[in-house]
Number of protein chains: 2
Amino acid sequence: MSMDERKKRILQAIIDDYIDTAEPIGSRTIARKHELGLSSATIRNEMADLEEMGYLAQPHTSAGRVPSDKGYRLYVDQLMQVYDLQDDEIEKIKTAMELHINELSQLIRQASAVLSRFTKYTSVAVASQMKTSTVKAVQLVPIEADKAMVIVVTNAGIVKNNIVKTADQLRPEALVMISNALNDKLGGLSVEKANRKISSGLVSELEMELGIRGELFASILSCLAGCINQIDNTEVYVEGTTNVLNHPEFRDIIKAKEFMSMLDEKTSIGRIVFDASDSEGGIIIRIGSENDLSDIKDCSLVTTNYNIANTFIGTIGLIGPTRMEYPKVVSSIGYIRKFMNREIGRFLGLDIDNDL
Amino acid sequence: MSMDERKKRILQAIIDDYIDTAEPIGSRTIARKHELGLSSATIRNEMADLEEMGYLAQPHTSAGRVPSDKGYRLYVDQLMQVYDLQDDEIEKIKTAMELHINELSQLIRQASAVLSRFTKYTSVAVASQMKTSTVKAVQLVPIEADKAMVIVVTNAGIVKNNIVKTADQLRPEALVMISNALNDKLGGLSVEKANRKISSGLVSELEMELGIRGELFASILSCLAGCINQIDNTEVYVEGTTNVLNHPEFRDIIKAKEFMSMLDEKTSIGRIVFDASDSEGGIIIRIGSENDLSDIKDCSLVTTNYNIANTFIGTIGLIGPTRMEYPKVVSSIGYIRKFMNREIGRFLGLDIDNDL
DNA sequence: ATTAGCACTCGACAAGGCAGAGTGCTAACA
DNA sequence: TGTTAGCACTCTGCCTTGTCGAGTGCTAAT
């Protein structure tokens, strides 16, 4: 039995309908609603074939068919029709993203929120893998006689700061000296290297060069190390969790609860999304059991990476029932991705100008 | 008809049971489970009285009674027995709060999360009303030739920063001058006053004093204004939304959805929580219709303020069905409040030491 | 190869019946 | 006079039953 063109068209029709209605689809429905020029009986036979081939499943005898994960896979790979965002939809996204962005994380969160509101699914954004980031600037700011703020800026525009208690004897001028020395030593290093450098004798190195007693600024260095470690922390933003309640597959409150608890585990969902992301600019679709975690074996994940120039910054995606509106989801994510890349570039001052 | 002691004990028994079981309570249940030395018939008569007086309600004839808002009010005011946290519970909270706190907002979020996880209700924390904050330090940090970071620190330890594009001609030394001048001018001012000062001719004032052309640093000032405005932004943290799904009053998915959507409106729930907060150290309980917003007329809100010395910083609380475990909730919030106050003090370097 | 027809299956839904928990009322009791 | 026992009544939840509609597989005719 082979997968001929007719079977594909029937499968497509079934999946389209099922995505729409969430009800098992019967042969008559297809015969009526789609102009395939076939009777319900013929379609019935084809459907039996498709089931045997594993593309469809039957909840019970004498119900209609529902797509299997394998069916969805064929659908997203070959059958579904590209959905072009309408002008007004693009406008809607654009205005929703219109916001005074002050921090990179704000942009990411905003994008995540817009995506989930627009698609009515749950969005997950991971700002991760800052391991590739490099330290751009280190600065010490005196705040009070015995307190200073340590600030680290990375090339990706991430800013971390921390207040540290300093020795009373440290005068502001000394702070400036230390600050400059730190910039010299750490500027341009990757986060990992900077960390290693701090923990391997930077104190005594500076002690010699600056002529300041090490114990006076040791606390500053350990605080700095803390900041740098924070950079490496992957942040996970989940938006629109309540959207799942709109989908009939989560009508059962226990299912809904499971789903939401799973999303509350930010780190694990972050890992899943991150692991799902792949290579460069593509949009990755993971359907049901294709996902590693069994918790989401009834869900699909559509993700993409956002980045700047060639630096990978993070992943953003949507999660929903396997019965997802793939065409719309894919184009939405594609658009948001482009939008984010442009905004991030703009935010960091790289004037990349591509039209949207 | 008066509210004698016996009626109170019966009411207490009913509410205790109802909080436990979420089922309407009948006279026989009370007679059996509580040692009141009364028959079900007597209790029945008393219950009829309590209903007439408005403390109880009946879902329908021939069902048991449920407490009304008025009943809960009497309960929390006079009847409920103080719940003392067990040693192991305190330990649990303490270890959960054990965390390297780097930012004030992190502490608040953490406290909120712990509270919701411990009580199984939904927690809301508002870090708000920074209007009373004053500017402690302003700092400009050069990042690249034509970019600088503007940093503002307040007396409450809030830090905001922003990157700004500067004129090429501004040398780092000029930045230091401007920075110092800004500290002079704005240090100690309230957020509002600082804002007003910036917008009312600070540019020309500095131009004169420093001998630097105003247009060179106007962008810095507007960026600074942006930072200061951000300080004023109230942040709202909601944790444990999925907890509501555990309570039978939200078994209906529509109710659950309503509740969650309401919580998604961060600003409005923030306002409600904030409005509910009152005066100083007390714990405020708002039961059902006592709340201003009709959206939560089936919910109770238990809130308290956290602060440092005498400066009000924000509000934290729990939201759940009116059928709440008030005794446990109240003592949990009370404990978290003390804990936060101490940690905040410690974080800001005021070594207040009170045992917990 | 396709289609019409038919018998069969299964879930959804409404109607009816029953058991259990609770009430209000009345009359008896201490 | 307050308390209690007893009884008739009511309402919900649950289970059973019957019916309807959508869907299927199979067979025979086209």
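What you see is a predicted model, and the numbers here were worked out from it, not measured in a lab. Chain letters run A, B, ... following the sequence lines, proteins first, then strands; residues in each count from 1. Just the heavy atoms: all of them, side chains too, but no hydrogens, waters or symmetry mates, feed the values below.
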Quick one: label [X] by what it contacts on the DNA or RNA (base, sugar-phosphate, nothing), any heavy atom closer than 4.0 Å.
X: Ser40(B); result: nothing
X: Thr61(A); result: sugar-phosphate
X: Ala63(A); result: sugar-phosphate
X: Ser27(B); result: sugar-phosphate

Should [X] be listed as having a side-chain N or O under 4.0 Å from OP1 or OP2 of [N]?
X: Ser62(B); N: dC11(D); result: no
X: Arg65(B); N: dG24(C); result: yes
X: Arg28(A); N: dT24(D); result: no

Could you please name the option among [options] that lies closest to any side-chain atom of [X]?
X: Ala48(A); options: dG25(D), dT3(D), dT3(C); result: dG25(D)
X: Gln58(B); options: dG24(C), dG23(D), dT3(D); result: dG24(C)
X: Thr42(B); options: dT3(C), dA21(C), dT4(D); result: dT4(D)

**Request:** Look at the aromatic rings of Tyr121(A) and His247(A) and report parallel, tilted or perpendicular, splitting at 30° and 60°.
**Result:**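 Geometry flag for His247(A) against Tyr121(A): parallel rings.
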Could you state the atom-to-atom distance from [atom1] of [X] to [atom2] of [N] in whole Å?
X: Ile30(A); N: dA22(D); atom1: CD1; atom2: C1'; value: 14 Å
X: Leu38(B); N: dA5(D); atom1: CG; atom2: C1'; value: 15 Å
X: Glu46(A); N: dA1(C); atom1: CD; atom2: P; value: 11 Å
X: Ile43(B); N: dG2(D); atom1: CD1; atom2: P; value: 17 Å
X: Asn45(B); N: dA27(C); atom1: CG; atom2: P; value: 15 Å
X: Leu56(B); N: dG24(C); atom1: CG; atom2: P; value: 11 Å
X: Arg44(B); N: dT3(D); atom1: CZ; atom2: C1'; value: 12 Å
X: His60(A); N: dG23(D); atom1: NE2; atom2: P; value: 10 Å

**Request:** In sequence, state the C-alpha distance, the side-chain angles, and the governing distance for Tyr335(B) and Ile90(B), and then conclude on side-chain contact (heavy atoms from CB on, under 4.5 Å).
**Result:** CA-CA 9 Å; Tyr335(B) 182 77; Ile90(B) 290 183; 3.5 Å; yes
**Request:** Measure across Met3(B) and Leu50(B) and return the closest heavy-atom pair with its distance rounded to 0.1 Å.
**Result:**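 Smallest interatomic distance, heavy atoms only, reads CE-CD2, 3.8 Å.
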**Request:** Could you tell me which non-hydrogen atom of Phe250(B) sits nearest to which non-hydrogen atom of Cys299(B), and how far apart they are?
**Result:**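 For Phe250(B) and Cys299(B), the tightest heavy-atom pair comes out as CZ-SG, 4.1 Å.
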**Request:** Say whether Ser332(A) and Tyr83(A), considering side chains only, have a donor N or O and an acceptor N or O under 3.5 Å apart.
**Result:**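 Absent: no donor and acceptor within the cut-off.
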**Prompt:** Axis-to-axis angle across the helix from dA1(C)-dT30(D) to dA30(C)-dT1(D), five pairs an end, to 10 degrees?
**Reply:**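 Computed angle between terminal axes is 20°.
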**Item:** ring pair (Phe, Tyr, Trp, His ring centres under 6.0 Å) contacts touching residues 17-63 of chain A (sequence neighbours left out)
**Value:**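 Ring pair (Phe, Tyr, Trp, His ring centres under 6.0 Å) check on residues 17-63 of chain A returns no pairs.
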**Request:** Kindly determine whether Leu56(B) and Val66(B) satisfy side-chain contact (heavy atoms from CB on, under 4.5 Å), including the steps that lead there.
**Result:** CA-CA 6 Å; Leu56(B) 294 177; Val66(B) 300; over 6 Å; no
**Request:** Start with the C-alpha distance between Lys328(A) and Phe118(A), add both sets of side-chain angles, then the distance that settles side-chain contact (heavy atoms from CB on, under 4.5 Å), and finish with yes or no.
**Result:** CA-CA 10 Å; Lys328(A) 193 177 172 193; Phe118(A) 181 70; 3.9 Å; yes
